[in-house]
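Read the numbers this way: they start at 1 and go in the same order the structure lists the ligands and their atoms. As the structure is a prediction and not an experimental result, all values here were calculated from the model.
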Amino acid sequence: MRKMRRKGLASMAVQTVASSSDSTIDLGPAAALSCRECGHRVPLGPVFACEECFGPLEIAYDFSGHDTEELRRRIEAGPANIWRYAPLLPVPADVADKPNLNPGWTKLVQADHLARELGVTGGLFVKDDSGNPTHSFKDRVVAQALEAARAFGFTTLSCSSTGNLAGAVGAAAARAGLRSCVFIPHDLEQGKVVMAAVYGGELVGIEGNYDDVNRFCSELIGDPAGEGWGFVNVNLRPYYAEGSKTLAYEICEQLGWRLPDQIVIPIASGSQLTKIDKGLKELIELGLVEDKPYKIFGAQAEGCSPVSTAFKGGHDVVRPQKPNTIAKSLAIGNPADGPYVLDIARRTGGAVEDVTDEEIVDAIKLLARTEGIFAETAGGVTVGVTRKLIKNGLLDPTKTTVVLNTGDGLKTLDAVAGTGLSATIRPTLDSFREAGLA
Ligand SMILES: *Cc1c(COP(=O)(O)O)cnc(C)c1O
Ligand SMILES: [Zn+2]
């Protein structure tokens with residue numbers, strides 16, 4: 001089953017871009033693309049599936065000859081955005097000088113009040129990625145894909161999106177001076193639609209769910225109509241995906257170049273989770289953090305929980321689901337990186353868990369009330385899952401724990417629509433006293 005899906009992808013994997021063949025590709029330390037399944041290597045290019053086995057391609061680096069302390073100094077002297085990690089990313093060394101949105105270096109909030117509510121004594125932190133330019137973690141991945149698009153000579157930036165990605169692509173393309181045309185399911189939250197449309201690119205609603213949108217985009221790539229188009233999460237996916245490593249780098253640097261013991265990460269396609277693990281492993285290999293065990297936990301909404309269902313059932317294969325949840329940014333029923341998420345959760349001693357829509361809303365309010373952070377539904381998923389994992393004994397409350405908030409609550413206002421006025425009064429002190437608020 002896994003093989004058949006890959007076969008479909010591979011037939012569309014090889015694509016040529018007119019202007020890129022003769023120019024030299026400078027993507028910094030990125031040396032080649034390497035197959036995650038069989039290790040087959042190919043030169044850097046806009047391809048995403050292995051020609052030998054149809055496995056996913058990812059970036060292979062040449063970090064040889066690095067000096068750990070020199071690297072640390074360089075990073076610490078770098079800009080307060082993801083480009084401080086340029087020596088570890090598939091981007092040219094002068095990337096910070098180009099017009100882009102410079103996302104990242106978001107706050108790692110020490111969440112003592114939330115810790116008290118959840119009974120965490122070992123230190124609880126919220127990595128708050130709502131602080132990015134378009135208010136979700138997607139700016140990190142799009143920034144990498146944009147560099148690849150520039151290197152390969154693409155003129156249109158595109159994507160299939162559950163909402164946040166569409167906005168991030170629209171904004172990045174506007175800043176870079178490229179055309180954008182992005183595809184979303186037609187029934188997304190109003191906040192996400194406006195955020196995607198306001199940057200002036202084309203925004204197309206597709207009658208279907210995300211998996212239908214994604215399938216459509218794969219067809220478009222193989223068609224002359226899609227020529228010259230860089231789909232950030234399809235033909236540029238190997239580059240796009242590396243952006244999530246910056247979350248791992250930032251968390252460790254913000255903890256004082258230390259690995260956390262436990263991280264709770266939301267899962268849509270599973271790309272972010274697998275690349276955070278890759279980032280942590282690189283930091284260990286490069287000697288930037290001390291090697292010690294860490295556990296990775298994945299979080300899903302019950303209404304779209306293909307990975308947690310497989311994890312709990314002890315399966316290696318992720319069976320697709322039809323999504324039905326308020327956590328629309330995570331509503332991918334057929335997650336491409338699902339099997340790798342299972343591997344990582346099991347290898348590190350973590351777990352994958354899910355929460356109901358009601359628990360998501362509760363958790364959004366809990367985080368807002370305790371820490372002053374207004375999360376989108378995906379943040380409700382990670383906080384809700386953290387609470388559940390502590391209750392069922394899978395997450396150790398005596399260990400340092402980082403919970404990701406990957407998006408801004410202003411984009412999913414409907415989720416907390418019942419929240420509002422405490423009272424309505426006349427503009428008099430008597431009326432105020434009567435309302436019992438004094
Ligand atoms: C896209 C997204 C994720 C994670 O997506 P992956 O496909 O698993 O990498 C998490 N949170 C939000 C808010 C997102 O938009
Ligand atoms: Zn392969």
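Around the Zn ion (ligand 2), the protein atoms of type N, O or S found under 2.8 Å away are C35 SG, C38 SG, C50 SG, C53 SG, listed by chain and number.
In this structure, OG in S161 is found 7.5 Å from OH in Y210, a value given to the nearest 0.5 Å. Taking CG of L188 as the start and OG1 of T162 as the end, the distance is 7.5 Å to the nearest 0.5 Å.
In terms of the side chain to side chain contact (heavy atoms under 4.5 Å, CB included) criterion, residue partners of E253 (sequence neighbours excluded) are, by chain and number, I75, E76, R84, Y85, W105, W257.
Proximity of the aromatic rings of Y239 and F152 is defined here by a centroid distance below 6.0 angstrom, and this criterion is met.
The aromatic rings of F63 and Y61 lie parallel to each other, their planes meeting at an angle below 30°, with 60° marking the opposite boundary.
Between the side chains of S160 and N233, at least one donor N or O lies within less than 3.5 Å of an accepting N or O.
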Name every donor-acceptor pair, under 3.5 Å, that has one atom in a side chain of residues 291-299 and the other anywhere in the protein, sequence neighbours excluded.
| unit_1 | atom_1 | unit_2 | atom_2 | d |
| --- | --- | --- | --- | --- |
| K292 | NZ | L259 | O | 3.1 |
| K292 | NZ | D261 | OD1 | 2.5 |
| Y294 | OH | D277 | OD1 | 2.6 |

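Side chain of Q321 to backbone of S305: a donor-acceptor contact under 3.5 angstrom is found.
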Ligand 1 N/O to protein N/O, distances under 3.5 Å:
| unit_1 | atom_1 | unit_2 | atom_2 | d |
| --- | --- | --- | --- | --- |
| ligand 1 | 7 (O) | S269 | N | 2.8 |
| ligand 1 | 7 (O) | S269 | OG | 2.5 |
| ligand 1 | 8 (O) | A268 | N | 2.9 |
| ligand 1 | 8 (O) | S269 | N | 3.1 |
| ligand 1 | 8 (O) | G270 | N | 2.8 |
| ligand 1 | 9 (O) | Q272 | N | 2.9 |
| ligand 1 | 11 (N) | T406 | OG1 | 2.6 |
| ligand 1 | 15 (O) | K138 | NZ | 2.8 |
| ligand 1 | 15 (O) | N164 | ND2 | 2.9 |

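Tested against N164, the residues H135, K138, E376 include a single side chain to side chain donor-acceptor pair (under 3.5 Å) partner, E376.
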